[in-house]
Structure formats: structure tokens, C-alpha cells
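Single-structure report; data block below.
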Amino acid sequence: MQPSHRHLIALGLARSLLAGSQQPHSLQARAAHALGHSPQWLPGLLSQVFPVSEATWARITADELALRLEQATVWADAFRSADPPEIRAWILRPSRMTQPPLGLHQLLLPALPHSQALADWLGLSLDTLDWFTYCSARRRLAPLHAQHYAFSLQPKRSGGGRLIEAPRQRLKAAQTQVLKGLLNAVPVHEACHGFVAGRSVTSHAQQHTQQAVVLHFDLKNFFNSITAAQVAAVFRTLGYPPGVASQLAALCTVSTPAPVIDRMREDGWLDWHQAKCLRYPHLAQGAPSSPMLANLCAFRLDLRLDGLAWTLGARYSRYADDLVISGPPSLSAASSRIAARVGQIALDEGYTVNHRKTRLATQASAQMVCGVVVNQHANMKRAEFDRLRAVLHQCSWQGPHAQNREGHVDFRAHLRGRVDWATQLNPAKARRLHALWEQIDWGVA
């Protein structure tokens, strides 16, 4: 008998065993029904595999139990007996929620034990849900106008381009429901500051003020490198059954169509690895659910890097793909070893560090975190402050429209945002900017 066929038999028996309680008589009865009778080797097999802890029983999958069966010595002996295992009937347990791990068990998450419950919660028909979660590998072959996403290419200031994969209206509404009704209730690691209520670039930078050494690392293709399997694992951890977890993951990921990838490669915006990441289901940069899912998928990354920083007497924080470790002068001499260790941890967790962007800064130079100076306290760069003050002065003197050289659609909102950003970082210095702002006549043509 082929090993693959033996595995299917083990899987069928595992599904039958999981369809009820772990009581010995119940296990024996369900196994006998699945096999069509009760062979002599069955009690010995069950005694080798069971009992398991209640926590394991609540969370174990059919695949995991099938592996346990295959590893039992009685299982191998059974195939050499005169009465080898054969599945005569399939017994399936109803899809159900499981208990999240300790620390997440008190979260008020929506109960979604099966596909119909998920569709009802999203306000969709079951057919529409299937349409959104249809095999991503096949969906990417559809014409661009039939895709669930709109694709646009945005040049980067540093060169190359960024692919924005924005969900169309109905899918975006479903992803927003997943974000607001489910993901926002799940806590992220304390070191995570991106896309989290009450945290920001400013709070990320403030973690690293007045430090002797600041080490900065950057992750390549942060969103695109997070796979649908990682996203499904997050939903599984929250207690959702495998089928529902897979549908939620499919709802929140995308496979980039070949014409889009080809265009980006022709323009020199993609290397082979980046194209591979886009080809398979991944988090879309442009979907409302992606930032929080990225944070949750990166929990182990944050946990391990935070532990690394602790062993070094340092501190760690992350804003999206921006990783920072800061601490005592000893970090400077050990920077190469730290960079190697950070790179290895990132690889272990499915990410890649862009070592060309790794930077070390001491108090003798400007220490920057996401564009914020952190030498003494979080502050705006002097040159940036001076440029903003000059623009505001010219706006008040010559009128604002002549200063909109970059063609911002809402220049007033853009400029106000920059003033508010300066206020967050240095309220005292920003008073001068507010005074100039008040002198601008926005009615000047």
C-alpha cells in the first residue's frame, strides 16, 4: 500500500475520532464505525495515542491527529496484519470555534464557526463570499478589469516604485468589517508602534531618545512578504476553525496578476524574489486590514527582537518595516554581530533585512528614527523646520498657490499637516510656524 494511501486512511480515522468526546468508549465506537468493524489492533492503537490533555484535544487538527496515528507502532503493525485498516464510513465533527491561548481568551471576538456565519457577519451571501475567496492562483489569471483590486504604481523618492493594490468597494467594505469588528480587538506587541491606536511615529521615536547608540534596520517588501498561510495562522490562533481561517485569509490577501508583475519587471522595479512574493497570495499594500494583520503576523518577530535588545541592555521598537535598537556605547563595537543576529531572526520569521539600509548613529551625529531627530528628545530636523518656515513665509507674502510647486490637490491641508507634525515634535518652536500660518490669506489667487 502506498504511503499516501495510508495517510488518507489515517486522516479518515482521525476525523472520525475528533467527531465527539475523548472518552475511551466513545473513541472506540466512532473508530469501529469508521472502519466498519472493531479489529483486534484498535484498542492498542487508541491506548498509544490517547488520552491527550484537554487543551490539546480542544485545538488538535485532523492532520495533527493523523500524524500521531501514523507514528504509533500499532499502526504500522496493523497494515501487516490479516485485517489492515480501511475506511468504510466518514464521520465529521461540526465546525466549531476553539479557545484562544491564555492572554487572548477574554477577547470579545465574533463567533464565526462556519462559512455561513462568516458570510452573515460580513453582510454577504455565501455565493458572494465564495466569489471573494475563490482560489487566488486562478483569480490572478482573470483580466485586470475583473480583479477584486485596482493596481497602481507609485514612484519612490529613493528610486524604484511601490505597488498599491487597493480593493474595490465591496471587498474593501468586507475588509473594513474584519478590521473594525475583529482585528482591532486583538493586542499587538508592546514594541509595535505602527497603525496602532495611541501610538505613532512620534511614540516610536521617543523610545530611543538620549541613547548613546541607535541602530536602524529596514525590512524588504514588508507587506508583500507576509503570506496567506501566515495570515490564516493568526486567525487559527484566535480560535477560528481551519475553513473559516482560510476564508478570512483569502479575503484579506491578493495574488498580483501577471501583467502587473511583467510591467514592473520591465520598468526595473522588481527583482526575482520580489516578483515571487507578489505572485503568491500576500497582504496587499492598500487594503484596510493589511496594517493590523502585518502587526499580528510580526508578533514573534517583535517578541524575539525585544528579547535580543533586553539581553544587550538596549531597547527595541518597530514602526511597520522600520526596526530600531538603541542603548549603551557597547552596541557600537557589537553592531556587526547584532546586525547578523537581527538578519537571522528576520529570516526565521519569514522576513528579509535590507542590509544596505542598516545604519548606526552615535551622539556625535544626528540620530534619526523615521525622520525624527532623537539625540536629546524627539525633534524635527533643523533643515526641515527652516524649509517649512520659509514656505510659510512665502505663502504669507506672495500667496499660497504660487508655493504649491509639487501640485498637491489640497495644499492647505498638506501644509497644515506639516505644521501639526512640527507641533507634535516641538511645540515651543512650532509657535513661530503657527504665527506665520495665521498670516496666510487663502483667498489670494
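The analysis underlying the following values was restricted to heavy atoms, covering all of them including side chains, and did not include hydrogens, waters or symmetry mates.
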Is [Y] close to [X] at the side-chain level, that is, under 4.5 Å between some pair of heavy atoms?
{"X": "W310", "Y": "R315", "value": "no"}
{"X": "S225", "Y": "K220", "value": "no"}
{"X": "K172", "Y": "R168", "value": "no"}
{"X": "L126", "Y": "W131", "value": "no"}
{"X": "L35", "Y": "S38", "value": "no"}
{"X": "L182", "Y": "F235", "value": "yes"}
{"X": "F299", "Y": "V234", "value": "no"}
{"X": "Q71", "Y": "L67", "value": "yes"}

Please name all residues satisfying side-chain contact (heavy atoms from CB on, under 4.5 Å) with [X], sequence neighbours left out, ordered by chain then number.
{"X": "N224", "result": "E165, N221, C277, L278, H282"}
{"X": "E190", "result": "none"}
{"X": "D306", "result": "H189, Y316"}

Point-to-point distance, once rounded to the nearest 0.5 Å, from [atom1] of [X] to [atom2] of [Y]:
{"X": "L293", "Y": "L248", "atom1": "CG", "atom2": "CG", "answer": "9.0 Å"}
{"X": "L183", "Y": "N295", "atom1": "CG", "atom2": "CG", "answer": "10.5 Å"}
{"X": "R359", "Y": "F217", "atom1": "CZ", "atom2": "CZ", "answer": "10.5 Å"}
{"X": "L312", "Y": "I325", "atom1": "CG", "atom2": "CD1", "answer": "7.0 Å"}
{"X": "T423", "Y": "D420", "atom1": "OG1", "atom2": "CG", "answer": "5.5 Å"}
{"X": "L107", "Y": "L238", "atom1": "CG", "atom2": "CG", "answer": "7.5 Å"}

Least distance between heavy atoms, [X] atom then [Y] atom:
{"X": "L301", "Y": "A346", "answer": "CD1-CA, 3.9 Å"}
{"X": "T56", "Y": "S53", "answer": "OG1-OG, 2.8 Å"}
{"X": "P187", "Y": "L296", "answer": "O-CD2, 3.8 Å"}
{"X": "S289", "Y": "L179", "answer": "CA-CB, 4.4 Å"}
{"X": "F222", "Y": "A294", "answer": "CE2-CB, 3.7 Å"}
{"X": "A117", "Y": "P113", "answer": "CB-CD, 3.8 Å"}

- [ ] Answer yes when R265 and D262 have at least one side-chain N-carboxylate O distance shorter than 4.0 Å, and no when they do not.
- [x] no

Task: Salt-bridge present (R263, D267; N to O < 4.0 Å) - done: yes

More than 12 non-hydrogen atoms from neighbouring residues, nucleotides or ligands closer than 6.0 Å to [atom1] on [X], yes or no?
{"X": "H33", "atom1": "NE2", "answer": "no"}
{"X": "R59", "atom1": "CZ", "answer": "yes"}
{"X": "H273", "atom1": "NE2", "answer": "no"}

Short side-chain to backbone donor-acceptor contact, [X] and [Y], under 3.5 Å:
{"X": "T133", "Y": "L251", "result": "no"}
{"X": "W41", "Y": "D83", "result": "yes"}
{"X": "R162", "Y": "Q285", "result": "no"}
{"X": "S26", "Y": "Q22", "result": "no"}
{"X": "Q154", "Y": "I164", "result": "no"}
{"X": "Q147", "Y": "A142", "result": "yes"}
{"X": "S16", "Y": "G12", "result": "yes"}

Open item on the list: Assess, by modelled atom type and distance only, whether the side chains of Q207 and S326 contain a donor and an acceptor separated by less than 3.5 Å.
Closed with: no

TODO: State, without any angle test, whether S125 and T128 hold a side-chain donor-acceptor pair at a distance under 3.5 Å.
DONE: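 Note: S125 and T128 side chains meet the donor-acceptor criterion.
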
Open item on the list: Please determine whether side-chain contact (heavy atoms from CB on, under 4.5 Å) holds for the pair Y149 and L171, giving the CA-CA distance in whole Å, both sets of side-chain angles, and the decisive distance to 0.1 Å.
Closed with: CA-CA 8 Å; Y149 291 77; L171 179 57; 3.6 Å; yes

- [ ] Sequence neighbours left out, what pairs pass side chain to side chain donor-acceptor pair (under 3.5 Å) with at least one residue falling in residues 236-249?
- [x] S115-Q247

TODO: For the residue pair H204 and H193, categorise the inter-ring angle as parallel (less than 30°), tilted (30 to 60°) or perpendicular (more than 60°).
DONE: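 Tilted.
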
Open item on the list: Check the orientation of F195 and Y319. Use parallel for under 30°, tilted for 30 to 60°, and perpendicular for over 60°.
Closed with: tilted

Open item on the list: L65 vs L13, test: side-chain contact (heavy atoms from CB on, under 4.5 Å). Steps then yes/no.
Closed with: CA-CA 9 Å; L65 183 53; L13 183 57; over 6 Å; no

Open item on the list: Give me each pair satisfying salt bridge (Lys or Arg N to Asp or Glu O under 4.0 Å) with a member in residues 330-353, each pair once, sequence neighbours excluded.
Closed with: R300-E349, R304-D348, R304-E349

Task: Stepwise side-chain contact (heavy atoms from CB on, under 4.5 Å) check, L45 with L69 - done: CA-CA 8 Å; L45 175 66; L69 291 171; 4.1 Å; yes

Task: L360 and H216: CA distance, side-chain angles, deciding distance, side-chain contact (heavy atoms from CB on, under 4.5 Å) verdict - done: CA-CA 6 Å; L360 181 151; H216 175 272; over 6 Å; no

N/O donor to acceptor pairs below 3.5 angstrom from side-chain atoms of residues 365-376, sequence neighbours left out:
| residue | atom | partner | partner atom | Å |
| --- | --- | --- | --- | --- |
| S365 | OG | T362 | O | 3.3 |
| Q367 | OE1 | Q363 | NE2 | 3.4 |
| Q367 | NE2 | Q211 | O | 3.1 |
| Q367 | NE2 | A212 | O | 3.4 |
| Q367 | NE2 | A361 | O | 3.2 |
| N375 | OD1 | Q367 | N | 2.8 |
| N375 | ND2 | S365 | O | 2.7 |
| Q376 | NE2 | Q363 | OE1 | 3.4 |

